[in-house]
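Worksheet: one structure, shown below.
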Amino acid sequence: MLNRKRNNRRAGSRTRRFALELPSLNWGRLSLSLSGLAIVAVALLTLGWLLDQPIQRVIVTGRLQRVSAMDVEKVVRARLAGAGLISVNLAGISHGLAQLPWVESAAVERSWPRGLKIEIFEQTAVARWNGTALLNVNGDLFISEPRFVPPELPALTGPAGSEEEVTQRYLGTQGRLTEIGMRLAALDLDARGAWNLTLDNGVIVRLGRQRMNERFDRFMVAAAKLVIQRATDIAYVDMRYSNGFAVGWKGGVAHATEHSGEHAASASPDHSDG
């Protein structure tokens with residue numbers, strides 16, 4: 001009995017009761033606050049409705065040479081779908097315009113009170129690719145089957161996936177050729193990895209698969225002057241030699257030349273390049 005009483009006392013001493021008092025709410029003030037929020041929400045909705053006016057004019061700017069106003073209008077009309085100046089999806093219109101041929105990007109803004117302002121940035125084509133596509137300055141294919149290919153563009157060719165590499169080599173090569181009054185008409189990277197240049201005077205420059213930069217430097221220093229002077233007689237210049245170059249004349253005779261200052265002698269082919 002004593003043990004039970006002691007246990008009961010201990011159990012009783014462990015039992016605690018808590019009384020949680022909630023703060024009293026001022027229901028009148030709370031109802032006024034909710035009413036105020038509702039009024040503000042209605043006011044904002046009303047203001048948005050008043051500002052969401054029908055779009056009545058579209059202003060298109062940019063240096064447009066390839067993009068037609070009709071194509072821009074079609075994209076804008078298809079994506080308006082009755083939307084007003086507030087509810088219109090500007091990003092959707094911009095994305096749609098960027099899908100047009102020759103469009104690199106488009107910036108779309110609201111023009112108050114009832115218009116849109118669109119600025120179009122066209123692609124800059126630097127070369128033709130494999131005869132069926134166009135490349136921009138970054139080496140990106142932006143038109144796979146152009147209706148009209150500018151004839152003044154150089155022809156670049158290479159395996160699939162080499163677009164950027166070929167474009168960058170073309171830009172670097174063309175920049176240096178321009179300094180001496182030459183122009184690159186074509187640049188080819190074949191399946192074996194060999195590079196061939198075709199100048200605008202019809203002369204082919206063979207650089208091969210190895211040390212292309214070194215060989216092109218040698219061409220600029222040792223062979224370019226000869227090509228300028230005798231372009232009508234030269235079929236190709238072969239730079240795949242360890243210490244010189246070979247000239248293929250249109251008469252069918254090839255002559256190898258070693259360049260060392262003003263001294264000329266026979267050059268040896270670089271067999272490591274095939």
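Just so it is clear, the structure is predicted and the values come from calculations on it, not from any experiment.
Judged by distance alone, the side chain of R215 and the main-chain N or O of L207 form a donor-acceptor pair under 3.5 Å. Remark: side-chain polar atoms of Q174 are paired, donor with acceptor, to backbone N or O of L184 under 3.5 angstrom. With S87 contributing its side chain and A83 its backbone, the two residues share no donor-acceptor pair below 3.5 Å. Judged by distance alone, with hydrogens and angles left aside, the side-chain atoms of N201 form no donor-acceptor pair with the main-chain N or O of T232 at under 3.5 Å. Side-chain atoms of R79 never come within 3.5 Å of backbone atoms of H95 as a donor-acceptor pair (strictly under, hydrogens ignored). The closest donor-acceptor contact from the side chain of N136 to the backbone of N138 lies under 3.5 Å. A donor-acceptor pair is defined here as one N or O able to donate and one able to accept, closer than 3.5 Å; such a pair exists between the side chain of S68 and the backbone of D71. Using modelled atom types, no side-chain atom of Q123 and backbone atom of F142 make a donor-acceptor pair closer than 3.5 Å. Put simply, the side chain of R206 never gets that close to the backbone of Y236: no donor and acceptor are under 3.5 Å apart.
Looking at every heavy atom in both residues, I86 comes nearest to R110 through O-NH2, 3.0 Å. For the residue pair A231 and V203, the shortest heavy atom distance occurs at O-CG2, 3.9 Å. Taking every heavy atom of both residues into account, M182 and V227 meet most closely at CE-CG1, 3.7 Å. Contact detail for W249 and I234: the closest heavy-atom pair is CZ3-CG1, 3.5 Å. P159 and S162 get closest at one heavy-atom pair: O-OG, 2.6 Å. The nearest pair of heavy atoms linking E122 to E104 is O-OE1, 3.7 Å.
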Check the pair R209, D190 against salt bridge (charged side-chain N to carboxylate O under 4.0 Å, His left out), reporting the backbone distance first and the verdict last.
CA-CA 9 Å; R209 294 176 294 171; D190 66 21; over 6 Å; no
Verdict with reasoning, T124 to V137, per side chain to side chain contact (heavy atoms under 4.5 Å, CB included)
CA-CA 7 Å; T124 300; V137 69; 5.7 Å; no
Apply side chain to side chain contact (heavy atoms under 4.5 Å, CB included) to the pair D217 and R176, showing each step before the final yes or no.
CA-CA 10 Å; D217 290 342; R176 296 188 60 187; 2.5 Å; yes
Checking side chain to side chain contact (heavy atoms under 4.5 Å, CB included) for the pair F216/L177: CA distance, chi angles, key distance, verdict?
CA-CA 10 Å; F216 182 69; L177 289 173; 4.1 Å; yes
Quick one, L134 with W102, criterion side chain to side chain contact (heavy atoms under 4.5 Å, CB included). Give me CA distance, side-chain angles, the key distance, then yes/no.
CA-CA 10 Å; L134 294 178; W102 290 98; 3.5 Å; yes
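In terms of hydrophobic clustering, with Ile, Leu, Val, Met, Phe, Trp and Tyr side chains grouped at heavy-atom distances under 4.5 Å, I59 and I118 are assigned to different clusters. In terms of hydrophobic clustering, with Ile, Leu, Val, Met, Phe, Trp and Tyr side chains grouped at heavy-atom distances under 4.5 Å, V75 and L80 are assigned to a common cluster. Under a hydrophobic-cluster definition in which Ile, Leu, Val, Met, Phe, Trp and Tyr are linked whenever side-chain heavy atoms come within less than 4.5 Å, directly or via other members, F121 and L90 are assigned to different clusters.
A 4.5 Å side-chain heavy-atom check between T61 and I120 finds every atom pair outside the cut-off. Side chains of W195 and D188 form no contact here, defined as non-hydrogen atoms less than 4.5 Å apart. Counting heavy atoms from C-beta on, the side chains of K74 and M70 come closer than 4.5 Å. At least one side-chain heavy atom of I93 sits less than 4.5 Å from a side-chain heavy atom of L116.
Environment of CD in Q168: crowded, with over 12 heavy atoms of neighbouring residues, nucleotides or ligands closer than 6.0 Å. Within a 6.0 Å sphere centred on CD of Q229, other residues, nucleotides and ligands contribute more than 12 heavy atoms. With a 6.0 Å radius and a threshold of 12 heavy atoms from other residues, nucleotides or ligands, R57 has its CZ atom above the threshold.
Atom OG in S242 sits 9.5 Å away from atom CD in E214 (nearest 0.5 Å). One finds the CG atom of L187 at 6.0 Å from the CG atom of L197 (value rounded to the nearest 0.5 Å). The CD1 atom of I55 sits 11.5 Å away from the CZ atom of R77 when rounded to the nearest 0.5 Å. If you take OG on S94 and CD on E109, they are separated by 10.5 Å, rounding to the nearest 0.5 Å. The distance from the CD atom of E164 to the OG1 atom of T167 is 8.0 Å, given to the nearest 0.5 Å. Here the CD atom belonging to E163 is positioned 10.5 Å from the CG atom belonging to L189, to the nearest 0.5 angstrom.
Of the candidates D238, L226, D233, L226 is the only one forming a side-chain contact (heavy atoms from CB on, under 4.5 Å) with V247.
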